[in-house]
Amino acid sequence: MNKQIEILEDVFNNFLGESNIFKNREALRHDYIPDYLPHREEEIRILGQILGPSLRGMLCSNVLVYGKTGTGKTAVAKFVINRLAAKANEIKSPLRVSFVNCRLAGTEYRVLSALCSSINVKVPFTGLALGEVFDRFKSALNSKRIVLVVALDEIDALIKERGDTLLYELTRINENLSKSKVSILGISNDLRFKDMLDPRVLSTLSEEEIVFRPYNAEELQDILKQRAEIAFKKGVSYEAAIKLCSAIAAAEHGDARRALDLLRVAAELAEREGKSIISEDHVYQAQKRIEHDRVAETLKTLPIHSKIVLLSVFLISKHKRKGLMTGDIYNVYCELCGEMNINPLTQRRVSGLINELDVMGLVNSRVVSLGRYGRSKKTTLGVPFKVVKEVFLEDERMRNMINYVPKYLNSIH
DNA sequence: TGTCCACTGGAACGTACGGCTT
DNA sequence: AAGCCGTACGTTCCAGTGGACA
């Protein structure tokens, strides 16, 4: 065995070997559905009551479920739907359920084809017109006696992408069906979703509404405790970590997903150190790590002009000039474009790009007035120098410019 | 008190592109 | 293959503006 194979052998064995920490890593993923959902009894009961009639072959009300990310909407919906399907199976009810994530599906076509496959209608991956697929869907429903409960997760994605034709058709489908019935459970974390909807669709869709409140710190703790018991081995000490994770997540938006991520990354850090104690320090490190990764990821995926604008901000702040006005940034931006052989955009557009960077949190900018000297946006870098440098060094086109000293800076004192 | 700077940000319009229909 | 449509991204034009300064 040569040296390299030995090294790999070691690395792989590390993964295969017994972990000090994890018993079941999956339990900390946010798509994991435990068989008990703490602090969501009420929501489960209400949703169960709404969907219940479908068990007896009756049409139930359409429901719209709202709430911010990580409030347990998807988990509750899946939980109830799964139980509903199990119960239907038990009593031989003609009930079918279908759970589709609209954002993951991507297009109306794929959402619809997922619905088709839930009632055993086969449609090709591509090639058919939407209307044709919908007709097949309807005629299949018409030929059988089925009560179909459709859960559309991240339903807002369906609207934003391409109007609301599919939703409109779906909400009206019962008018054209003689034997079967379709009920819709829509899940959205965009609270403005209702405004974007055609009022006719909205009124049909939201016969019932359930709003999910964010979790508070104590509730988050209960959730984490429950998951931790499944995920971690006996003897692993994690109480302090859980407290901190809950506190951090509660201070943000009461996002359980965030809390779980923190705990998972903290645990992985502890694991890598070969420890069986997940400390508060691990959580702080995890927080940094997650933030770092998020920023690095957004930086990487930025379009080229936004990158150059950001680099301009970076370079000017690096050379200790504070109070970057849009004019300064634009001048440096144009200079960089010249060096890189890229056609610069107009100042109007760059001003817009700065706003976009601001929304992403990569820069902070606010409009200030300098009286006689005009009115402009004052912009500062919103992320650590280190991260910007790190990411841009990996970028072939940006690499050479990271140490560039703009001539423009010499022309102003 | 009025002027005037250096922009901001809305609006209309141009262009490229991808997907769908014919 | 060709035409159509919606969307994304940019440009051009311009009215509007907060506050230092004369």
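The analysis underlying the following values was restricted to heavy atoms, covering all of them including side chains, and did not include hydrogens, waters or symmetry mates. Reminder, nothing fancy here: chain letters follow the sequence lines and each chain counts from 1.
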(message) My understanding is that only residues two or more places apart in sequence, or in another chain, count here; which of them pass side-chain contact (heavy atoms from CB on, under 4.5 Å) with A/P406?
(response) A/L315, A/H319, A/V332, A/E335, A/Y404, A/L409
(request) To the nearest Å, give me how far apart CG (A/N331) and P (B/dC7) are. (result) 8 Å
(request) Write down the distance between CZ (A/R349) and P (C/dC14), rounded to a whole number of angstrom. (result) 21 Å
(request) Check the distance between C/dG10's C1' and A/I342's CD1 and give it to me in whole angstrom. (result) 16 Å
(request) Kindly write out the residues that satisfy side-chain contact (heavy atoms from CB on, under 4.5 Å) with A/K87, not counting sequence neighbours, or none if the list is empty. (result) A/L55, A/E90
(request) Scan for salt bridge (charged side-chain N to carboxylate O under 4.0 Å, His left out) pairs involving residues 306-317 of chain A, sequence neighbours excluded, and state none if there are none. (result) A/K307-A/D395
(request) Provide, to the nearest angstrom, the distance between the CG atom belonging to A/N343 and the P atom belonging to C/dC9. (result) 18 Å
(request) List in numerical order all residues of residues 303-314 of chain A for which some heavy atom is under 4.0 Å away from an atom belonging to DNA chain B. (result) none
Would you tabulate the nitrogen or oxygen pairs shorter than 3.5 Å linking the protein to nucleotides 20-22 of chain C?
{"residue": "C/dA20", "atom": "O4'", "partner": "A/R372", "partner atom": "N", "Å": "3.3"}

(message) Nearest 0.5 Å, please: how far is NE2 in A/H305 from CD1 in A/I308?
(response) 6.0 Å
(message) Keeping A/R96 on the side-chain end and A/L148 on the backbone end, is there a donor-acceptor pair under 3.5 Å?
(response) no
(request) Can you tell me which residue pairs pass the salt bridge (charged side-chain N to carboxylate O under 4.0 Å, His left out) test with a partner in residues 248-257 of chain A, sequence neighbours excluded? (result) A/E252-A/R258
(request) Would you mind listing every salt bridge (charged side-chain N to carboxylate O under 4.0 Å, His left out) that reaches into residues 343-372 of chain A, with sequence neighbours excluded? (result) A/R349-A/E356
(request) Quick one: which residue pairs count as a salt bridge (charged side-chain N to carboxylate O under 4.0 Å, His left out) with a foot in residues 282-299 of chain A, not counting sequence neighbours? (result) A/R289-A/D293, A/E291-A/R294
(message) Return a single string for nucleotides 8-16 of chain B, one symbol per nucleotide in 5' to 3' order, where B is base contact, S is sugar-phosphate-only contact and - is none, cutoff 4.0 angstrom on heavy atoms.
(response) SBB------
(request) Provide, to the nearest angstrom, the distance between the NZ atom belonging to A/K378 and the P atom belonging to C/dG19. (result) 13 Å
(request) Output every pair passing ring-ring contact (aromatic ring centres under 6.0 Å, His included) with a member in residues 364-400 of chain A, not counting sequence neighbours, ordered by first then second residue. (result) A/F314-A/F385
(request) Output every pair passing ring-ring contact (aromatic ring centres under 6.0 Å, His included) with a member in residues 329-351 of chain A, not counting sequence neighbours, ordered by first then second residue. (result) A/Y330-A/Y333
(message) Test of understanding: with side-chain contact (heavy atoms from CB on, under 4.5 Å), list the residues that count as partners of A/S246, not counting sequence neighbours.
(response) A/L220, A/Q221, A/L224, A/I242
(request) Determine: side-chain N/O of A/T346 to OP1/OP2 of C/dT11, distance under 4.0 Å, yes or no. (result) yes
